[in-house]
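Since the structure is predicted, the reported quantities are computational estimates derived from the model, not experimental observations. Letters A, B, ... mirror the listed sequences (proteins, then strands); counts begin at 1.
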2 protein chains.
Amino acid sequence: MQNQSNNMTIDPVNILKEHSLKHTKQRIRVLEEIALDTVAISQPELEKKLGKEIDRVTLYRILNIYEDKGILHRIMDMNGTANYAICSSSCSEDHHHDEHVHFNCTNCTKIYCLDVVLPQIKMPQGFTAATMHTTAYGICEKCSVMVSK
Amino acid sequence: MQNQSNNMTIDPVNILKEHSLKHTKQRIRVLEEIALDTVAISQPELEKKLGKEIDRVTLYRILNIYEDKGILHRIMDMNGTANYAICSSSCSEDHHHDEHVHFNCTNCTKIYCLDVVLPQIKMPQGFTAATMHTTAYGICEKCSVMVSK
DNA sequence: ATATAAATGCAATAGTATTGCATTTATGAT
DNA sequence: ATCATAAATGCAATACTATTGCATTTATAT
Ligand SMILES: [Mn+2]
Ligand SMILES: [Mn+2]
Ligand SMILES: [Zn+2]
Ligand SMILES: [Zn+2]
């Protein structure tokens, strides 16, 4: 198991407390939903699942505040849609530390957070990189099994 | 000069011929505009510059066909908006070969194509990567000069 | 229990991108 | 040079993603 496993001990209420956020049922539901799967989930998917319980705008606001606070990190896919995954515990309001590689399956479109850190890359003279984002595109574990059948 | 320099010998009509595309004034204008600068240009910027001469929809269609044909490559920025740059000469309809690193300035938002190739990264068991996209975020050459003044 | 600030829901609006169809244009054949 | 044809364009409509303003509801501290 090389890709990041889901944190089974995720406790939405506690996360909200730690970041001094009011714990509303909407905020708790979003965290519950995202914690369900090990792969990142897109805003459209979240809206499909939660749209009956939570207003679109509220969902956007919750996702934004979770990103700001370092609770979730956002991964853009090839189509420019936002995907979200739980941050590593070291992320804070000031700075994210999610410098792992992502894998975007071109078959099922799922985005995996891999336990692979990016090697240091030397920037040209004058360019100062603060963060790097790397996404690999290809066929994921599950899809390659399906194809081979 | 570490970042990729603009190809001064760019000839829109010839590029269209090479890809057996009809050479319309709209298609030529798009190539001319993108060839003007060494940094990638976003769809909104292109629309601002060409919106009077070219219909929005036509612009989208031209950008899509240029990407399909391997004439341009598309780089998504943090906000999910498309940016375009001329492809290396080895790109074709079947496959892009633009595996260089991009630099997205968080100050001026410009996206640079760097002459930096991505080191090979080992994927976890079961995951097969066909392509990799890497973007560094930070302060670019020009902006760091400005800040230091 | 109550006051207060914050979060939510709803309507409106903005930004990005695609589809359908009538009209125009580029290109090859005559 | 003219014409026929398929392709490209422009325009209207539509879809999808995201944000803003404001009235109402809710969480939390007192
Ligand atoms: Mn991740
Ligand atoms: Mn590039
Ligand atoms: Zn897959
Ligand atoms: Zn800059």
Describe, in one word, how the ring planes of A/H73 and A/H102 are oriented to each other, choosing from parallel (under 30°), tilted (30 to 60°) and perpendicular (over 60°).
-> parallel
Quick one: label B/R27 by what it contacts on the DNA or RNA (base, sugar-phosphate, nothing), any heavy atom closer than 4.0 Å.
-> sugar-phosphate
With heavy atoms under 4.0 Å as the rule, sort A/R56 into base, sugar-phosphate or nothing.
-> base
From CG of A/N64 across to P of C/dA7 the rounded distance in Å is 13 Å
In whole angstrom, what separates A/I54's CD1 from D/dA18's P?
-> 16 Å
Of A/I62 and B/A82, whose closest DNA chain C nucleotide lies nearer the 5' terminus?
-> A/I62
Rounded to whole Å, the NZ-P distance (B/K22 to D/dA7) equals 7 Å
Base, sugar-phosphate, or nothing: which does B/N79 touch, judged by heavy atoms less than 4.0 Å apart?
-> nothing
What is the distance, rounded to the nearest whole Å, between atom CG of B/L21 and atom P of D/dA7?
-> 12 Å
Whole-Å distance between D/dA8 P and B/L16 CG?
-> 11 Å
Can you name the ring-ring contact (aromatic ring centres under 6.0 Å, His included) partners of B/Y84, sequence neighbours left out?
-> none
Which of the following nucleotides, C/dT18, D/dT19, C/dA26, is nearest to the side chain of B/Y60?
-> C/dT18
Integer-rounded Å distance: D/dC11 P and B/L59 CG | 14 Å
Does a side-chain N or O from B/Q26 land closer than 4.0 Å to OP1 or OP2 of C/dT25, or not?
-> no
Within the distance-only criterion (no hydrogens, no angle test), does the side chain of B/R61 pair as donor or acceptor with the backbone N or O of B/R56 below 3.5 angstrom?
-> no
Would you find a donor on one side and an acceptor on the other, under 3.5 Å apart, between the side chain of A/Y66 and the backbone of A/R27?
-> yes
Nearest to the side chain of A/V57, which nucleotide is it out of C/dT19, C/dT8, C/dA11?
-> C/dA11
Heavy-atom nearest nucleotide on DNA chain C taken for B/Q43 and for A/D55; more 5' hit belongs to A/D55
Do the charged groups of A/E33 and A/R29 touch, with an N to O distance under 4.0 Å?
-> yes
Which sits closer to the 5' end of DNA chain D, A/E47 or B/T24, going by the nucleotide each is nearest to?
-> B/T24
Should B/T81 be listed as having a side-chain N or O under 4.0 Å from OP1 or OP2 of C/dT16?
-> no
In whole angstrom, give the distance that lies between atom CZ of A/R61 and atom C1' of C/dC10.
-> 10 Å
Does a nitrogen or oxygen in the side chain of B/H23 sit under 4.0 Å from OP1 or OP2 of C/dT27?
-> yes
Whole angstrom value for the distance that separates C1' of C/dA17 from OH of B/Y66 | 19 Å
